[in-house]
Amino acid sequence: MITGASSGIGAALSQALVAKGATVYGIARRVNLLEDLRASLGAEFIPVPLDITDMNAVSNWVDVTFSDATPDILVNNAGLGFFGNIEDISPDDWHTMMNVNLNGVFYITRKLVPLFKRNEQHTHIVNIASVAGLIGNPQISGYNATKFGLRGFSEALFKELRFDKIKVTCVYPGSIATEFFEKSGSSTHDHMMKADDVAHSIIHVLETPDNFLIDEITMRPLNPKPPQK
């Protein structure tokens with residue numbers, strides 16, 4: 001399962017996992033983009049139009065979908081950010097970040113962990129955070145708060161679940177050329193990382209031997225500055 005599967009890292013990782021032979025449940029709200037991915041990737045990509053901030057909808061979907069199946073991988077990728085001085089961040093934007101970046105992760109993870117515990121094989125939870133979960137910066141305080149929170153959640157969960165054969169990895173990407181920056185009022189450039197490269201790094205993490213865990217991985221552009229014109 002991949003949340004935020006309709007674009008960016010989620011779409012790239014969906015493609016990479018299907019290429020590896022996985023069946024991917026791609027979760028997002030934008031049905032048209034999910035259907036485009038289905039047309040591109042084939043029957044092994046299953047579109048799931050779902051709002052992860054709706055606790056009851058998430059719970060019902062998991063109950064119905066996995067009544068007779070055992071999941072192996074959860075990638076908590078959905079996330080968003082609203083940037084600005086603290087006095088300019090609206091309460092609505094603050095709550096939206098908390099709901100998507102933290103509450104949604106909690107809602108789906110708490111439902112899937114019991115299924116992972118019943119799986120005879122090793123399973124894996126991957127949480128996509130950000131370098132904003134490692135260092136605070138001006139004008140992204142709300143986004144920082146959610147990604148620092150996801151970092152703590154991941155570390156605690158790793159220690160809680162390691163003896164249940166459940167791996168937990170937190171990924172801290174730097175700037176990636178995706179629509180995230182455009183939606184946040186910034187712009188992308190050619191020195192940013194590419195979603196495909198990030199996806200392939202996550203595939204490596206997922207393919208490590210059963211008793212080998214990469215609990216954290218940080219990715220950055222070597223040269224983060226825009227190219228000189």
Side-chain angles (χ1 to χ4, degrees), residues 1-5 9-10 13-14 16-18 20-28 44-46 48 50-79 98-130 133-134 146-173 198-219:
M1 285 144 287
I2 303 176
T3 67
I9 295 174
L13 187 55
S14 295
L17 282 168
V18 167
K20 288 285 184 178
T23 298
V24 175
Y25 291 86
I27 300 169
E44 296 310 309
F45 179 84
I46 301 172
V48 182
L50 182 66
D51 180 356
I52 62 167
T53 68
D54 185 334
M55 182 177 64
N56 291 330
V58 169
S59 181
N60 292 337
W61 177 76
V62 171
D63 288 342
V64 170
T65 303
F66 298 106
S67 59
D68 297 314
T70 306
D72 303 290
I73 297 168
L74 168 64
V75 181
N76 286 308
N77 168 69
M98 298 298 159
N99 284 331
V100 174
N101 298 359
L102 286 176
N103 291 341
V105 173
F106 167 68
Y107 296 152
I108 194 164
T109 302
R110 69 176 291 273
K111 287 293 294 185
L112 287 168
V113 162
L115 303 181
F116 284 172
K117 287 182 175 180
R118 293 200 291 267
N119 194 324
E120 295 182 359
Q121 307 300 317
H122 285 72
T123 57
H124 210 139
I125 298 168
V126 178
N127 295 324
I128 308 298
S130 165
L134 301 173
T146 64
K147 295 306 182 179
F148 269 77
L150 188 56
R151 177 188 182 187
F153 178 76
S154 299
E155 183 174 349
L157 210 59
F158 141 59
K159 294 174 180 177
E160 178 180 327
L161 300 176
R162 65 192 307 178
F163 300 111
D164 294 297
K165 299 188 298 184
I166 303 172
K167 299 183 179 187
V168 180
T169 300
C170 196
V171 180
Y172 305 101
V198 174
H200 289 305
S201 296
I202 296 171
I203 292 291
H204 168 71
V205 170
L206 293 170
E207 289 183 331
T208 52
D210 286 345
N211 202 42
F212 185 97
L213 170 66
I214 299 173
D215 64 321
E216 293 186 328
I217 180 170
T218 304
M219 310 171 187

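All values below were derived from every heavy atom in this structure, side-chain atoms included, with hydrogens, water molecules and symmetry-related copies excluded.
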Quick one: does Met1's side chain get under 4.5 Å of Val62's, heavy atoms only?
-> no
Which pair of heavy atoms, one from Leu102 and one from Thr146, lies closest together, and at what distance?
-> CD2-O, 3.5 Å
Side-chain touch Leu206/Leu17, heavy atoms, less than 4.5 angstrom = yes
Candidate list Val168, Val113, Ile108, Ile166, test side chain to side chain contact (heavy atoms under 4.5 Å, CB included), partner Leu74, passing option = Ile108
Is it true that the side chains of Thr53 and Asn99 contain a donor and an acceptor less than 3.5 Å apart?
-> no
Just how far is it from atom CG of Asn76 to atom CD1 of Ile52, taken to the nearest 0.5 Å?
-> 7.0 Å
In Å, rounded to the nearest 0.5 Å, how long is the span from OG1 of Thr109 to CG of Leu157?
-> 7.0 Å
Asp72 side chain near His124 side chain, heavy-atom distance below 4.5 Å = no
Under the ring pair (Phe, Tyr, Trp, His ring centres under 6.0 Å) test, residues paired with Phe66 that sit two or more places apart | Tyr25, Trp61
Closest non-hydrogen atom pair, Ala5 against Gly26 | CB-CA, 3.5 Å
Looking at CD1 of Ile73 and CG of Leu112, how far apart are the two atoms once the value is rounded to the nearest 0.5 Å?
-> 12.0 Å
Spell out, as yes or no, whether a donor-acceptor pair under 3.5 Å connects the side chain of Thr3 to the backbone of Ala78.
-> yes
Check whether any side-chain heavy atom of Arg162 sits under 4.5 Å from a side-chain heavy atom of Leu213, and report yes or no.
-> no
Shortest non-hydrogen pair, Pro173 vs Ala129, comes out as CD-O, 3.6 Å
Are the side chain of Lys165 and the backbone of Glu120 linked by a donor-acceptor contact shorter than 3.5 Å?
-> yes
Counting only N and O atoms by type, is there a donor-acceptor contact under 3.5 Å from the side chain of Ser59 to the main-chain atoms of Met55?
-> no
At their closest point, which heavy atom of Ala22 faces which heavy atom of Glu44, and how far apart are they?
-> O-CB, 3.7 Å
Does the pair Asn77 and Leu13 meet the rule for a side chain to side chain contact (heavy atoms under 4.5 Å, CB included), with working shown?
-> CA-CA 10 Å; Asn77 168 69; Leu13 187 55; over 6 Å; no
Given Val171, which of Leu150, Ile128, Val75, Ile214 fulfils the side chain to side chain contact (heavy atoms under 4.5 Å, CB included) condition?
-> Ile128
Nearest 0.5 Å please: distance from the CD1 atom of Ile125 over to the CZ atom of Phe153.
-> 7.0 Å
Which one of Asp215, Asn211, Thr208 satisfies the side chain to side chain donor-acceptor pair (under 3.5 Å) criterion with Lys167?
-> Thr208
Value rounded to 0.5 Å, distance of CZ in Phe116 from OG1 in Thr70 | 10.0 Å
How many angstroms lie between atom CD1 of Ile46 and atom OG of Ser14, to the nearest 0.5 angstrom?
-> 11.5 Å
Within a strict 4.5 Å, meaning less than it, do heavy atoms of the Ile202 and Val198 side chains meet?
-> yes
Is any NZ, NE, NH1 or NH2 atom of the basic residue among Glu155 and Arg151 found under 4.0 Å from an Asp or Glu carboxylate oxygen of the other?
-> no
